[in-house]
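Reviewing the structure listed below.
Atom set for the values below is all heavy atoms of this structure, side chains included, hydrogens, waters and symmetry mates excluded. Every chain is numbered from 1, with letters handed out A, B, ... down the list of sequences. Keep in mind that what you see is a predicted model, and the values were worked out from it rather than measured.
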There are 2 protein chains.
Amino acid sequence: MAEKKEVLARQVPCQLCPLRKLDIFRPFTPEELDFVSQFKTGEVKVKAGDPLFLEGANCAHLYTLLSGLAFRYKLLPDGRRQILNYCTPGDFLGLQGSVMQEMQHSVEALSDMVLCVFQREGLWRLFESHAGLSFDVTWLAARSEQILDQQLLSVGRRSALERCAHLLLHLLDRLAELGMTSSRATVSIPITQQHIADTLGLSLVHTNRTLGRLMREGAIRWREKEFEILDRSRLAELASEEGALTGATRPLL
Amino acid sequence: MAEKKEVLARQVPCQLCPLRKLDIFRPFTPEELDFVSQFKTGEVKVKAGDPLFLEGANCAHLYTLLSGLAFRYKLLPDGRRQILNYCTPGDFLGLQGSVMQEMQHSVEALSDMVLCVFQREGLWRLFESHAGLSFDVTWLAARSEQILDQQLLSVGRRSALERCAHLLLHLLDRLAELGMTSSRATVSIPITQQHIADTLGLSLVHTNRTLGRLMREGAIRWREKEFEILDRSRLAELASEEGALTGATRPLL
DNA sequence: CGCGACCTTGAGTAGGCTCAATGCCGGTGG
DNA sequence: CCACCGGCATTGAGCCTACTCAAGGTCGCG
């Protein structure tokens with residue numbers, strides 16, 4: 001309990017992984033499931049607010065996020081923070097650290113998380129023995145690059161109002177496909193306005209005012225770290241959408 | 001000549017590829033070189049200003065940039081453009097298009113380019129038969145994600161002056177490791193201030209003034225699509241550097 | 001010689017920033 | 001039970017960075 005990361009004995013066998021039931025994840029062959037099962041060395045819990053990775057560290061592990069949410073970020077020497085993206089269940093974390101020498105960004109838990117743990121060396125065995133899974137790893141890397149591209153477009157070229165609208169829609173969509181939204185379009189996500197500001201490259205105050213505008217317009221509701229999209233089409237219009245991400249089924253390691 | 005893309009018969013065998021001599025690229029085994037050689041189906045030339053990919057297209061090819069420069073970008077419906085990053089020789093282009101359904105960004109040549117062409121299906125054979133090369137593809141994907149992370153940090157959290165300084169240093173470093181700089185720190189790169197503006201999320205006018213400041217400070221010189229870093233340490237200081245990219249040797253496909 | 005592409009510069013505006021204060025919890029210790 | 005404190009949202013005021021509009025200026029090219 002005093003530990004930041006609580007290491008657990010292996011819990012759920014991959015074959016029974018509840019995430020895998022979602023139909024956004026591509027079905028794995030029994031053989032693949034076997035491999036992943038032994039690739040996985042355990043589980044770990046991280047408490048909300050705790051770090052999973054710290055920039056500059058050389059982490060020996062890879063993770064698949066099983067439950068909970070997190071975010072990736074970078075800091076400038078004087079403390080300015082840029083949130084790069086959000087991590088949702090099914091995301092494969094730590095690839096950069098395994099593939100390059102060290103992690104160039106940090107990851108922090110937004111809510112309590114459970115993660116599958118893999119050893120760095122296991123990744124190499126994965127590449128040697130499973131072309132399909134290797135391709136999946138690459139697929140996941142390409143996907144997160146796409147998300148980053150979108151985010152960069154937003155931060156670089158959209159107005160504050162557009163950015164907010166776009167981000168909320170993006171989060172809604174990502175959580176919806178995981179079944180993490182309540183009825184309607186209500187997203188429960190433990191972020192503060194400071195997180196949003198740091199994601200969008202805005203100041204806290206201005207973020208607050210911009211969200212206020214969206215609320216007064218009746219496009220969203222925001223209360224207690226939970227927001228609801230009331231008028232999706234209005235929001236999409238405000239966001240200057242550029243075409244959504246592919247909804248293709250994805251791999252889950 | 002009337003063609004946008006000029007397809008050439010196979011020219012240089014990979015074993016003799018001049019790029020491969022650079023010591024930033026990891027040495028390949030003869031066996032790997034053989035495979036890459038037959039993976040490569042030809043070469044293509046693209047003229048400065050011409051597109052290599054267009055967003056939304058479903059491209060059947062993958063490329064390795066042999067010579068010349070390009071940039072990746074996205075557009076908003078109303079025409080605002082965000083340049084995502086620059087492509088330099090050795091970069092592997094089109095992975096997103098091969099791995100996902102379609103390309104979510106465009107690529108345009110900055111200067112005349114020569115590229116190696118690979119078939120999309122060849123990538124699958126690569127994964128099946130060459131774990132090392134598969135790993136390399138993933139490595140390259142992870143690296144471009146890192147570069148994007150940096151860029152996002154810049155656009156989101158740095159001031160105009162910091163962004164300019166950071167970008168110039170970044171370009172200098174990337175071109176220097178390829179031996180594409182002249183003596184000293186002179187970078188010859190055919191970009192306009194509009195490119196810089198679209199990279200940094202700034203307006204053209206403000207970019208001009210900011211570069212002007214850097215020039216008046218004596219940190220850089222800019223003339224005719226070519227700039228020179230006169231005072232690297234000053235520039236680094238202005239850039240609020242966050243730690244450079246790994247200089248590790250990289251794969252070249 | 002005129003035109004197009006690009007760089008410069010001026011002037012005025014505004015979107016977004018900082019500083020600062022207030023209000024609203026929920027948790028904690030006295 | 002209550003007072004206090006810390007984290008977060010909100011709001012006002014004033015400022016400044018960066019944007020827009022608008023004119024040139026330079027250079028290369030047909």
Side-chain angles (χ1 to χ4, degrees), chain A residues 47-50 76 78-83 108 110-111 154-165 167-168 188-217 220-228 238 240, chain B residues 47-50 76 78-83 108-111 154-168 188-217 220-228 238 240:
Chain A
K47 295 247 273 292
D50 284 348
L76 248 20
D78 67 359
R80 281 173 284 178
R81 177 176 74 170
Q82 177 64 42
I83 293 184
E108 181 179 312
L110 276 172
S111 56
S154 233
V155 173
R157 285 307 185 202
R158 278 194 251 253
S159 71
L161 194 64
E162 292 173 313
R163 289 183 217 183
C164 285
L167 176 62
L168 295 180
S188 177
I189 180 173
I191 56 178
T192 66
Q193 297 189 357
Q194 184 68 63
H195 287 111
I196 299 193
D198 288 348
T199 307
L200 299 179
L202 297 171
S203 74
L204 172 60
V205 172
H206 197 244
T207 300
N208 177 281
R209 287 194 229 273
T210 306
L211 288 175
R213 270 222 274 164
L214 288 177
M215 288 192 269
R216 252 173 286 113
E217 280 219 27
I220 63 164
R221 192 175 302 161
W222 171 287
R223 62 200 187 283
E224 274 301 306
K225 304 190 163 188
E226 178 176 302
F227 64 83
E228 179 174 4
L238 289 176
S240 296
Chain B
K47 296 246 272 292
D50 284 347
L76 248 21
D78 66 359
R80 280 173 285 177
R81 178 176 73 170
Q82 177 64 43
I83 294 184
E108 180 179 313
L110 276 173
S111 56
S154 234
V155 173
R157 286 306 185 202
R158 277 194 250 252
S159 72
L161 193 65
E162 291 172 315
R163 288 183 217 183
C164 286
H166 184 265
L167 177 62
L168 295 180
S188 176
I189 180 173
I191 56 177
T192 66
Q193 296 188 358
Q194 184 68 63
H195 287 112
I196 299 193
D198 288 348
T199 307
L200 300 179
L202 298 171
S203 73
L204 173 59
V205 173
H206 197 242
T207 301
N208 178 280
R209 288 194 228 273
T210 306
L211 288 175
R213 269 221 274 164
L214 288 177
M215 288 192 269
R216 251 173 288 113
E217 279 219 28
I220 64 164
R221 192 176 304 161
W222 171 286
R223 61 200 188 282
E224 274 301 306
K225 303 188 163 189
E226 179 176 302
F227 63 85
E228 181 174 4
L238 289 176
S240 295

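- When the C1' atom of dT8(C) is taken as reference, atom CD of Q193(B) falls 9 Å away, rounded to whole Å.
- For V205(A), whose side chain is taken as the heavy atoms from C-beta onward, the closest listed nucleotide among dC19(C), dC7(C), dG16(C) is dC19(C).
- Proximity of L200(B) to T210(B): side-chain heavy atoms (C-beta onward) are nowhere separated by under 4.5 Å.
- Atom C1' of nucleotide dA9(D) and atom CH2 of W222(A) are separated by 10 Å, given to the nearest angstrom.
- The side chain of H206(A) approaches dC17(C) more closely than any other nucleotide in the set dC17(C), dC6(C), dC8(D).
- Nearest approach of L202(A) to R157(B), heavy atoms of both residues: O-NH2, 3.0 Å.
- Atom CZ in R157(A) sits about 12 Å away from atom C1' in dA18(D), given to the nearest Å.
- Residue G201(B) is in sugar-phosphate contact alone, with no base atom involved, counting any heavy-atom pair closer than 4.0 Å across all strands shown.
- Residue-level contact check: T210(B) touches neither bases nor backbone, having no heavy atom under 4.0 Å from any strand.
- Residues D78(B) and S240(A) are not in side-chain contact: their nearest non-hydrogen atoms beyond the backbone lie 4.5 Å or more apart.
- Rounded to a whole Å, the CD1 atom of I196(A) is 11 Å from the P atom of dT10(D).
- The interatomic distance linking I189(A) (CD1) with dC8(D) (C1') rounds to 17 Å, in whole Å.
- When each of T192(B) and T207(A) is assigned the nucleotide of DNA chain C with its nearest heavy atom, T192(B) is the one assigned upstream, toward the 5' end.
- Atom CZ of R209(A) is separated from atom P of dT18(C) by 12 Å (rounded to the nearest Å).
- Counting heavy-atom neighbours within 6.0 Å of R213(A) CZ, excluding the residue itself, gives a total of 12 or less.
- Between I191(B) and T199(B), every side-chain heavy-atom pair lies at or beyond the 4.5 Å cut-off.
- To the nearest angstrom, P of dT18(C) lies 10 Å from CZ of R80(A).
- Under 4.0 angstrom from either OP1 or OP2 of dT8(C) there lies at least one side-chain N or O belonging to N208(B).
- Among the nucleotides dC8(D), dA18(D), dC7(C), the one closest to the side chain of L202(B) is dA18(D).
- Among dC7(C), dT20(D), dC17(C), the nucleotide with an atom closest to any side-chain atom of S203(B) is dT20(D).
- Nucleotide dC6(C) holds its C1' atom 17 Å from the CZ atom of F227(B), rounded to whole Å.
- The listed nucleotides are dT10(D), dC6(C), dT18(C); the one nearest the side chain of K225(B) is dC6(C).
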